[in-house]
Amino acid sequence: MSPDPQVRIKAIETLDNQVSEQKSVLHELAFNDADSKVSLAALYKLDSFVLWYKMSEIAKDELVKRKSVKLVESVLLSESDTTLTSSERRKFILELKDNSLLEKLLAQAWVQKDAELSMRILRKIDKPLFRDKILVTTSNEALQLTILDSLKDAPSNRKLLNKFIKRSPSVAAQNKAEELLSLWFKVEKIPVELEQQMKMLLSRLLTLKDHQDLEYIEKLRTDLDFEYHKLSESFNYLDEVRRTEIQQKYLDISSKVNRNIELLKPVWIAQQVKLVRDNSIDTVSQNIEDYLGEVHTQLDSRIAELTTEEVDGFKFKLMQFGKELIQLIGDVPVSEIKQHQCLEQLNNKVNQSVHTLANFSGLQEAVLAAQHLVEKLEAQPLPSGPNDLDGAQAFLDDLNKNWRSVIGQCANFLPQELYERWNKQTKVWKKAVSEHRKELNAELNRCRNKLKAVDSLVHQGKFKAAMGLYQKVHVWFDNLNEKQQAQLQKAFSNVQQQIENLKDWQDYISAPRKPALLDEAESLIAKPLPIEAQSKAIKVLRSQWNSLGKTGTESDQVLNNAFDVAIEAAFAPCREHYEQQQKLRASNLQFKTQLLEAIQLLSNADIPIMELAKQLRLLQQKWRSSGGVDFKLRNELNEEFQALVEPLKQKINKFYNDNALQKQRLLDQARLLIELEPISEAIEEAKSLQQRWKSIEHAGRKAEADLWQAFRKANDNLFAKRAELNQQHKLEVKQQIEEIKLKVNTLKLNLNKAKNKSELKQALQDTPAVQDLLKSIPNNTRKELEHEINCVFEQQKRQLSELSKNEKSKEYIQLFETLRHWEQGANRPDVTDLRKHWQSGFTKAPALTNRDEITLKMEVIADKPSPLSEQNKRKQVQMELMAHKLQSGNSLELNTLLLDWIKGGELSETDKPLLERVERVFVS
């Protein structure tokens with residue numbers, strides 16, 4: 001071939017691309033010629049779009065590559081180009097791997113009209129930004145809708161849709177985008193809402209494990225199970241781990257509730273049996289009481305008209321009831337003492353009624369006698385005064401005794417009208433007797449008490465008062481009856497003797513005593529005491545002076561006048577003090593009035609409750625610290641103050657109580673968190689509760705302190721549990737890490753001991769178990785261990801690769817050693833140790849093969865040098881191999897060529913040099 005490119009170009013013009021041999025030459029020139037113009041001339045001559053496209057991919061020459069790319073793009077990007085039919089163009093586009101060309105294609109309006117083709121191109125390019133650009137810029141509504149259908153929820157896609165909605169002129173596409181956004185937002189909320197609902201459901205379910213009401217448990221359990229299964233339909237919105245956790249938690253709590261139900265079931269069954277028995281007892285007891293009431297009604301209204309048959313009917317019915325009661329008494333456990341007693345009492349009542357009805361004539365006689373007694377009591381006049389008491393009481397006692405004797409065992413069947421008349425009249429008699437007796441006792445007690453008062457006054461030295469009171473007591477004593485006078489005679493005589501003695505000693509006592517008292521009064525003027533002590537001393541002196549009385553003498557009158565002057569002078573400081581106190585009380589009254597007005601204004605003020613409580617507390621403190629007022633106004637002011645304060649306190653207390661109730665609910669929830677798993681969720685929920693606690697205002701001093709202490713304790717318990725679990729988890733993780741390290745070291749040891757592929761693969765058989773253990777290890781530690789395991793894998797790969805390489809090399813060495821002994825005329829070598837693949841080359845009949853050409857092909861493919869004498873043939877072989885690859889799309893394999901080479905049969909002398917060349921290809 002001429003070294004001049006122009007000569008080669010002219011030669012190309014003479015070649016025919018329809019002739020196979022000339023077409024091969026064109027292929028060689030197009031793809032392997034060093035001159036770009038020659039390559040382009042050959043490509044134009046071949047006139048194949050496929051070859052132009054291939055050259056656009058592999059060309060090393062910039063001019064050739066640029067021309068090829070330009071031609072390919074001109075064909076593909078032009079809808080009117082006829083080089084390819086529409087179906088060929090579409091098929092070729094689908095098979096294209098050049099993403100940059102695909103992007104240019106997708107920018108064409110005619111491509112965008114085919115929504116399916118456009119989507120397949122987008123999926124092949126796999127560039128979200130490019131897809132988003134097409135969505136926003138294309139005018140094809142069908143393509144926009146198709147792209148929208150392919151979008152998945154992601155922050156970038158949400159941003160894209162918001163942008164698209166603002167810019168897209170297509171109403172349908174806008175609606176579709178809005179629907180997608182709405183759906184994504186809805187789906188985004190589902191897991192959060194679902195987890196919240198499940199938390200609440202599991203919390204409610206957890207409360208049942210300690211509940212004691214079986215019916216409540218089973219009813220709520222049924223409702224919660226239904227709610228759970230309904231919520232579980234949405235579990236696909238949760239990730240696998242969270243879904244498994246919730247399901248396991250539900251099963252664990254359900255198991256606890258089931259155990260509680262199993263414990264409560266026997267008790268509940270016993271309660272149901274008791275309830276049935278109690279209902280039966282209540283029914284029978286009520287029937288008996290109703291029937292006894294009916295019998296009483298008949299006896300009340302028709303006791304004189306009842307026949308023997310009717311009375312026998314009453315007895316028979318009551319006896320039947322008695323049998324039922326005996327049966328019930330036997331059914332009631334001995335431990336039910338109270339129920340036994342009630343049934344026994346009712347049975348006794350029935351038996352007594354039967355006995356009374358058995359003696360019906362006696363009952364009738366008793367009724368007549370009772371009627372006579374009632375009429376006698378009604379006819380007797382009531383006692384008119386205290387003197388009639390003894391006779392009246394004796395009459396009433398005698399009549400009561402006769403009444404009890406008459407009614408006897410018939411008391412329950414006596415007509416109600418007789419009972420009412422008897423009770424009414426006895427009450428009237430008892431009231432009259434009681435009133436007269438009170439009157440007598442009052443006179444007696446008054447006289448007794450006043451005698452004691454006279455005696456006390458004498459001992460206190462208050463002789464004048466004692467003698468004055470004695471005159472009244474003497475009159476009262478004379479008005480008492482003989483029996484009462486006898487009761488007080490001793491006390492009266494004693495007091496009478498003391499008064500007689502006082503009259504004799506009064507003058508003797510008062511003469512020296514009055515000057516001494518006058519001196520004491522004058523000393524209070526000279527040396528006054530503190531105000532309260534001074535006032536008390538003056539009262540004592542005045543009382544003692546008055547007790548000495550007046551003798552009527554001139555000297556006594558002088559002493560009396562002097563004492564009055566002295567006492568008045570001694571009291572002057574007290575009077576001044578009391579006037580100051582009165583002024584202070586007036587000032588305090590004004591201050592309290594102002595406080596009342598301030599409270600009234602506070603009642604009408606529209607201010608926050610906490611501010612209201614603060615101001616009210618200040619006003620209450622001022623009220624308590626304010627001084628006293630006139631005792632006549634004190635109660636009235638305090639009542640007005642309380643009347644104004646009470647509504648405010650109620651308003652504040654309601655505010656505090658509402659806050660306390662809210663905080664109590666948070667406290668109850670916080671206490672339940674100790675049972676919630678996993679602990680991380682419980683901690684997060686506790687933090688949420690703490691924030692909500694802070695948002696609730698004060699609950700009152702005592703409630704706030706108690707609730708906060710309890711709430712903090714619940715949180716402390718929860719965090720203590722977390723700390724304990726964390727410590728336990730750290731220990732478990734540490735143990736797992738030690739276990740994993742031990743297993744990794746074992747893997748390394750096993751790998752180092754392995755001698756062949758089987759042992760190498762067997763050495764890492766425990767790797768899945770180690771990888772499973774790694775899943776529960778924290779990331780920072782896990783990465784280090786994963787790196788060690790990956791290093792073990794890499795070591796295994798290297799060892800396997802080395803073994804494979806060695807085995808392959810040994811295989812080829814054995815094969816070529818066998819081929820060297822396969823000479824013409826020699827026996828067929830033993831090939832039983834070779835692979836069956838190679839054995840087939842020795843066993844079949846020799847094929848007509850060109851070992852020279854096969855050897856060259858193997859050298860070209862393996863990029864091994866060929867003898868200089870074979871260079872022209874090597875180029876020819878290269879072109880053939882290239883043409884084969886372009887036409888079939890596949891390359892020849894070395895092992896296939898080697899097998900063809902072996903199938904050529906026994907080696908001749910000319911084949912031996914070829915064998916050495918082939919061996920260099922496979923054994924380096």
Side-chain angles (χ1 to χ4, degrees), residues 191-211 224 228 231-232 235 238-260 263 663-694 707-744 768-786 789:
V192 177
E193 294 176 352
L194 185 59
E195 289 203 39
Q196 289 295 330
Q197 291 172 329
M198 283 307 305
K199 282 182 183 178
M200 185 60 66
L201 186 146
L202 292 175
S203 297
R204 292 174 64 195
L205 184 62
L206 186 61
T207 60
L208 298 183
K209 78 178 183 66
D210 297 320
H211 212 285
L224 292 177
Y228 172 80
L231 290 174
S232 65
F235 277 5
L238 301 175
D239 59 75
E240 181 66 26
V241 175
R242 192 69 189 106
R243 180 165 62 249
T244 304
E245 286 180 359
I246 289 175
Q247 291 171 338
Q248 186 59 47
K249 194 178 298 181
Y250 174 77
L251 292 175
D252 292 343
I253 297 176
S254 295
S255 176
K256 294 177 182 178
V257 175
N258 290 337
R259 286 199 297 272
N260 189 32
L263 293 174
K663 292 190 175 182
Q664 182 63 50
R665 291 180 184 140
L666 295 182
L667 172 60
D668 294 340
Q669 294 178 39
R671 285 170 172 166
L672 290 175
L673 291 179
I674 198 73
E675 300 290 340
L676 185 61
E677 295 178 359
I679 191 67
S680 58
E681 289 187 9
I683 292 295
E684 289 303 316
E685 187 64 22
K687 290 178 180 178
S688 174
L689 292 179
Q690 290 171 0
Q691 293 302 319
R692 289 163 61 188
W693 184 283
K694 292 178 182 177
L707 287 169
W708 171 244
Q709 289 297 328
F711 184 72
R712 187 172 66 179
K713 182 179 179 182
N715 281 274
D716 289 346
N717 292 340
L718 183 63
F719 284 99
K721 180 181 178 182
R722 182 183 68 171
E724 181 181 351
L725 290 176
N726 286 343
Q727 185 63 29
Q728 182 180 350
H729 179 67
K730 287 180 181 178
L731 291 175
E732 292 174 355
V733 169
K734 185 177 180 181
Q735 292 173 356
Q736 288 177 344
I737 290 173
E738 294 299 326
E739 183 181 355
I740 292 170
K741 287 183 177 180
L742 181 62
K743 288 183 178 293
V744 170
V770 178
Q771 290 173 329
D772 287 340
L773 286 174
L774 277 175
K775 293 178 181 178
S776 58
I777 302 300
N779 288 337
N780 53 353
T781 309
R782 183 168 61 208
K783 289 180 180 179
E784 180 181 347
L785 293 172
E786 283 177 344
I789 293 176

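Side chains included, hydrogens not; waters and symmetry mates left out as well; all remaining heavy atoms used.
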Report task. Would you check if Q727 and E724 make a side-chain contact, meaning some heavy-atom pair closer than 4.5 Å? Result -> no
Requested in this report: Measure the acute angle between the ring planes of F711 and W693, then classify it against the limits of 30° and 60° as parallel, tilted or perpendicular.
Outcome: parallel
Report summary line: What one should report as the nearest heavy-atom pair of I253 and L202 is CD1-O, 3.9 Å
Query raised in the report: Stepwise, does the side chain to side chain contact (heavy atoms under 4.5 Å, CB included) test hold for L725 with R722?
Result: CA-CA 5 Å; L725 290 176; R722 182 183 68 171; 5.6 Å; no
Query raised in the report: Which atom names give the shortest non-hydrogen contact between A682 and L718, and what distance separates them?
Result: O-CD2, 3.5 Å
Requested in this report: Scan side-chain atoms only and decide if S255 and R259 contain a donor-acceptor pair under the 3.5 Å cut-off.
Outcome: yes
Requested in this report: Taking K721 for its side chain and I679 for its backbone only, find out whether a donor-acceptor pair lies under 3.5 Å.
Outcome: no
Query - Heavy-atom closest contact (L689 atom, L673 atom, distance) - result: CD1-CD1, 3.6 Å
**Report entry** Candidate pair Q197 and L201, rule side chain to side chain contact (heavy atoms under 4.5 Å, CB included), full reasoning
**Finding:** CA-CA 6 Å; Q197 291 172 329; L201 186 146; over 6 Å; no
Report task. Check the pair N260 / L208 against side chain to side chain contact (heavy atoms under 4.5 Å, CB included), numbers first and verdict last. Result -> CA-CA 8 Å; N260 189 32; L208 298 183; 5.7 Å; no
Query raised in the report: Do Q691 and K694 pass the side chain to side chain contact (heavy atoms under 4.5 Å, CB included) test, and can you show the C-alpha distance, the side-chain angles, and the key distance before you say yes or no?
Result: CA-CA 5 Å; Q691 293 302 319; K694 292 178 182 177; 3.9 Å; yes
Requested in this report: Show your reasoning for whether salt bridge (charged side-chain N to carboxylate O under 4.0 Å, His left out) applies to E245 and R242.
Outcome: CA-CA 5 Å; E245 286 180 359; R242 192 69 189 106; 2.9 Å; yes
Report summary line: Value for CZ (R671) from CD1 (I674), rounded to nearest 0.5 Å, stands at 12.0 Å
